[in-house]
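All values below were derived from every heavy atom in this structure, side-chain atoms included, with hydrogens, water molecules and symmetry-related copies excluded. For ligands, and for the atoms within them, numbers begin at 1 and follow the listed sequence. Numbering starts at 1 and runs along the sequence shown.
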Amino acid sequence: MRKPFIAGNWKMHKTVAEARALATELRDGIGNAPHRVAVAPPFTALAGVVEALEGTGIEVAAQNMAAALEGAHTGEISASMLLDLGVKLVILGHSERRHVYGESDELINTKVLLALEQGLEVILCIGETLEERESGKLKDVVVHQIDSGLRGLDEKALGRVTIAYEPVWAIGTGKTATPDDAEEAHRIVRGRIGELYSAQAAESMIIQYGGSVKPNNVKGLMAEADIDGALVGGASLKAADFIPIARFDQ
Ligand code: PGA
């Protein structure tokens, strides 16, 4: 049985005080949820949120990480700096990093390998643009992003990777993939993991859906056989939205 995993990506929102206040509301509302729950505040609020969530089951993730261990990399944050703050997970390959900041498949792969080697868990984001979907390239794009994102990774380390399927056209647009469309993509992802690794690796891989997940559509998505969780942007910024998402089946 795969344990549902709901993660909130706060993107470039919230001061330290705002982030701590939200974390406190989440602690009270979902601190004891039966599912796996994580939040990803901006770098500046990580320490405050780690502190606010200490002793709860809610984990803290970073939204990105440098591709190098240390050195002359102005503006970057390393894996060891994240670990030093008590961060356990990092989101890599988010579509905003790929499409707005030009992160390549190779760069994302370097980050994935480095994060895992350093002891972080990874949420690897993949997903097609609207143009790619409309030109029938869904499968090619998803398979390519999995192959390149996981290149060089052995099956043991794969156990510390979650894949987030996030169709780019559904992120922040209010357009959610239908449960059927999302399920189709998730099946492609799981099938590819089976081809690259093993049936057991495919069976245990946690695959989140992301793209305009809201309290009113999470249940339908989570009812699909291959949707194991959600990566939530906009609706993770308010406790009143994120708590019912994290408690989708209660
Ligand atoms: P959204 O963002 O829920 O606001 O669409 C999802 C994401 O970018 O992870």
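Here is the list of ligand 1 atoms found below 4.0 Å of a heavy atom in Ser212: 1 (P), 3 (O), 5 (O). For ligand 1, the atoms sitting less than 4.0 Å from at least one non-hydrogen atom of Gly211 are 5 (O), numbered in the order shown with element in parentheses.
For the ring-ring contact (aromatic ring centres under 6.0 Å, His included) test, residues two or more places apart in sequence or in another chain that qualify with Tyr165 are His186.
Ranking protein heavy atoms by distance to atom 3 (O) of ligand 1, first place goes to Gly233 N, 2.8 Å. The closest protein non-hydrogen atom to atom 7 (C) of ligand 1 is Glu166 OE2, 3.1 Å. Closest to atom 4 (O) of ligand 1, if we only count protein heavy atoms, is Gly234 N, 2.8 Å.
For the pair Lys11 and ligand 1, the shortest N or O to N or O distance falls below 3.5 Å. The N/O atoms of Gly172, backbone and side chain alike, include one that comes under 3.5 Å of an N/O atom in ligand 1. Below 3.5 Å of separation, one finds an N or O of His94 facing an N or O of ligand 1. Residue contacts with ligand 1: Gly210 is placed with no nitrogen or oxygen under 3.5 Å of a nitrogen or oxygen of the ligand (distance criterion only).
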CA sep, side-chain torsions, deciding dist, call: Glu131, Trp169, side chain to side chain donor-acceptor pair (under 3.5 Å): CA-CA 9 Å; Glu131 197 191 341; Trp169 48 271; over 6 Å; no
Asn64 vs His94, side chain to side chain donor-acceptor pair (under 3.5 Å): CA-CA, chis, key distance, verdict: CA-CA 8 Å; Asn64 191 18; His94 189 278; over 6 Å; no
Asn109 and Ser148: CA distance, side-chain angles, deciding distance, side chain to side chain donor-acceptor pair (under 3.5 Å) verdict: CA-CA 6 Å; Asn109 177 240; Ser148 57; over 6 Å; no
Verdict with reasoning, Ile77 to Met65, per side-chain contact (heavy atoms from CB on, under 4.5 Å): CA-CA 6 Å; Ile77 305 284; Met65 188 200 85; over 6 Å; no
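Counting heavy atoms closer than 4.0 Å to ligand 1, residue Ala170 contributes backbone atoms (N, CA, C, O) but none from C-beta onward.
Of all the heavy atoms in Pro41 and Val60, the pair that sits closest is CD-CG1, 3.9 Å.
In this structure, a donor-acceptor pair under 3.5 Å is absent between the side chains of Ser80 and Glu70.
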